[in-house]
Q: 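Okay, handing you the structure first.
Just so it is clear, the structure is predicted and the values come from calculations on it, not from any experiment. Heads up: numbering here begins at 1 and tracks the sequence.
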Amino acid sequence: MTWSISSCFITLVVLFLWRIEDSAEACRCAPVHLQQAFCSADVVIRAKVVGVTAVSGNTNYDVQQIKMFKGPDRVIHTIFTSSSSASCGVTLELTKEYLFTGRMNTDGRMRIVMCDFIQYWEDLNGTQKKSLTQRYRSGCDCTIIRCSSLPCPVSAPDECLWTDWLLADGQSGPQAKYSACLKRSDGSCAWYRGMAPSKK
């Protein structure tokens, strides 16, 4: 009987730990280039976090919108996210300015999750900030393919290989920080750094 109780206790502990680990890993996000995040988002804004409230499993952040790069023709005053990191909820700092990409809910509210591109505005470089106004939008017909190990074949002419990951630079590499994948006149796509696509 003692062995049975001990075994049962050990089994419950293992199951409990497994559930914790499973919950902790419930939110997994593949890294995305800022251009990809821009193109797939409903809303892209620069905003300052000015307040926070918790409401029934969600966290609502009051924000002061500074600039909208993509989204509805109105000012965003509130952004909400899950209160749980296991559900991809995001924790933001008060008084900080961020670049947010996110979704518009059917009720008209902006929602963000951990897998969205959310970064301190001051951490973006000048090229990224300028690209938000037009370059990224003009490249939304292109597809960025993350290449983390060779070989990395291109299966279509409208694809750009994101090779920063081969050198472990990832989102700090030159393609992530200084380049945009843009369409050329022949319909194919290529990386461009600080210049417009060739007309030839």
Side-chain angles (χ1 to χ4, degrees), residues 27-47 63 65-76 79-81 88 90 92 97-148 152-167 169-200:
C27 184
R28 292 185 175 182
C29 307
V32 294
H33 192 279
L34 178 51
Q35 178 178 323
Q36 290 173 293
F38 178 96
C39 293
S40 63
D42 296 327
V43 186
V44 182
I45 61 171
R46 174 189 176 187
V63 298
Q65 179 179 304
I66 298 170
K67 184 175 180 63
M68 177 172 286
F69 300 100
K70 181 182 179 182
D73 188 20
R74 62 180 179 82
V75 175
I76 301 294
I79 296 174
F80 84 96
T81 187
C88 293
V90 181
L92 304 174
E97 285 185 23
Y98 291 86
L99 174 71
F100 295 102
T101 69
R103 298 287 179 186
M104 290 299 293
N105 266 25
T106 54
D107 60 4
R109 295 187 300 162
M110 181 177 175
R111 174 176 58 89
I112 59 172
V113 296
M114 202 178 295
C115 300
D116 291 317
F117 195 102
I118 301 163
Q119 191 164 331
Y120 295 125
W121 180 256
E122 64 184 14
D123 288 346
L124 298 173
N125 63 49
T127 300
Q128 290 171 311
K129 292 175 180 178
K130 289 179 181 179
S131 296
L132 287 164
T133 59
Q134 184 175 357
R135 292 183 81 214
Y136 290 150
R137 186 187 299 274
S138 67
C140 285
D141 289 335
C142 297
T143 302
I144 297 174
I145 305 296
R146 184 165 61 97
C147 174
S148 56
C152 293
V154 173
S155 59
D158 64 349
E159 294 178 350
C160 290
L161 287 181
W162 185 11
T163 57
D164 288 335
W165 297 91
L166 292 175
L167 301 175
D169 290 335
Q171 290 176 317
S172 298
Q175 289 175 329
K177 296 176 73 71
Y178 301 106
S179 300
C181 177
L182 305 177
K183 184 160 286 189
R184 298 186 287 200
S185 59
D186 63 0
S188 64
C189 293
W191 290 110
Y192 288 91
R193 177 171 173 159
M195 59 181 181
S198 172
K199 297 300 182 181
K200 296 182 181 180

Q: Checking the side chain of D164 only, and the main-chain atoms of Q175 only, is there a donor and an acceptor separated by less than 3.5 Å?
A: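 Indeed, once roles are kept as given, a pair shorter than 3.5 Å links the two residues.
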Q: Between S138 and Q134, is any side-chain donor less than 3.5 angstrom from a side-chain acceptor?
A: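 Result is no, nothing qualifies.
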Q: How close do V90 and I112 get, heavy atom to heavy atom, and via which atoms?
A: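 Here V90 and I112 meet closest at CB-CD1, 4.2 Å.
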Q: Tell me, do C160 and T143 make a side-chain contact under 4.5 Å, heavy atoms counted?
A: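 Contact flag for C160/T143 side chains = no.
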Q: So, Q65 side chain and V75 main chain: donor-acceptor pair closer than 3.5 Å or not?
A: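 Checking the backbone N and O of V75 against the side chain of Q65, no donor-acceptor pair under 3.5 Å is found.
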Q: R146 side chain to G170 main-chain N or O, any donor-acceptor pair under 3.5 Å?
A: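 Checking the backbone N and O of G170 against the side chain of R146, no donor-acceptor pair under 3.5 Å is found.
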Q: Go through D123 and W121 one step at a time and tell me if the side chain to side chain donor-acceptor pair (under 3.5 Å) criterion holds.
A: CA-CA 5 Å; D123 288 346; W121 180 256; over 6 Å; no
Q: Are I79 and V43 side-chain neighbours, meaning at least one heavy-atom pair lies under 4.5 Å?
A: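 No, every pair of side-chain atoms sits at 4.5 Å or beyond.
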Q: Rounded to the nearest 0.5 Å, what's the gap from CZ on R111 to OG1 on T106? Could you check?
A: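 Separation between the atoms: 10.0 Å.
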Q: May I have the step-by-step check of side-chain contact (heavy atoms from CB on, under 4.5 Å) for L161 and V154, ending in yes or no?
A: CA-CA 7 Å; L161 287 181; V154 173; 3.6 Å; yes
Q: Answer yes or no: is there a side-chain heavy-atom contact under 4.5 Å between F69 and T133?
A: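 They are in contact (side-chain heavy atoms under 4.5 Å apart), so the answer is yes.
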Q: Does Q35 use its side chain to pair, donor to acceptor, with the backbone of G139 at less than 3.5 Å?
A: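 It does hold such a pair.
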Q: Is there a disulfide between C152 and C147 in this structure (defined here as SG atoms under 2.5 Å apart)?
A: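 Judged by the SG atoms alone, which are under 2.5 Å apart, C147 and C152 are bridged.
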Q: Check whether any side-chain heavy atom of M110 lies under 4.5 Å from a side-chain heavy atom of I45, and answer yes or no.
A: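 M110 reaches I45 side chain to side chain.
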Q: Whether the side chain of Q171 engages the backbone of V32 through a donor-acceptor N/O pair (distance < 3.5 Å, no angle test) should be reported.
A: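 Judged by distance alone, yes, a pair lies under 3.5 Å.
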Q: Which pair of heavy atoms, one from S40 and one from R103, lies closest together, and at what distance?
A: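 Looks like O-NH1, 2.7 Å.
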Q: Please work out which of the three classes, parallel, tilted or perpendicular, describes the rings of W162 and W165, given edges at 30° and 60°.
A: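 Rings of W165 and W162: perpendicular, as their planes differ by over 60°.
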Q: Taking C189's backbone N and O only, do any of them form a donor-acceptor pair with E159's side chain (distance below 3.5 Å, no angle check)?
A: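 No; zero donor-acceptor contacts below 3.5 Å.
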Q: With sequence neighbours left out, what residues match R137 under salt bridge (charged side-chain N to carboxylate O under 4.0 Å, His left out)?
A: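 If we apply the salt bridge (charged side-chain N to carboxylate O under 4.0 Å, His left out) test to R137, skipping adjacent residues, there are no hits.
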Q: Donor-acceptor pair, distance only, cut-off 3.5 Å: does the side chain of T101 make one with the backbone of F38?
A: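 Checked: no pair found.
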Q: In the structure I gave you, are the side-chain heavy atoms of S188 and K183 within less than 4.5 Å of one another anywhere?
A: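 Answer no - side chains too far apart.
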Q: Looking only at atom types and distance, does a side-chain atom of D116 sit under 3.5 Å from a main-chain N or O of I118, one as donor and one as acceptor?
A: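 No; zero donor-acceptor contacts below 3.5 Å.
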Q: So which heavy atom on R135 is nearest to which on Y192, and how close?
A: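 Heavy-atom minimum between the residues: NH2-O, 2.9 Å.
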Q: When you measure from the side chain of N125 to the backbone of K177, do you find a donor-acceptor pair of N or O atoms at a distance under 3.5 Å?
A: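 Confirmed, N125 side chain pairs with K177 backbone.
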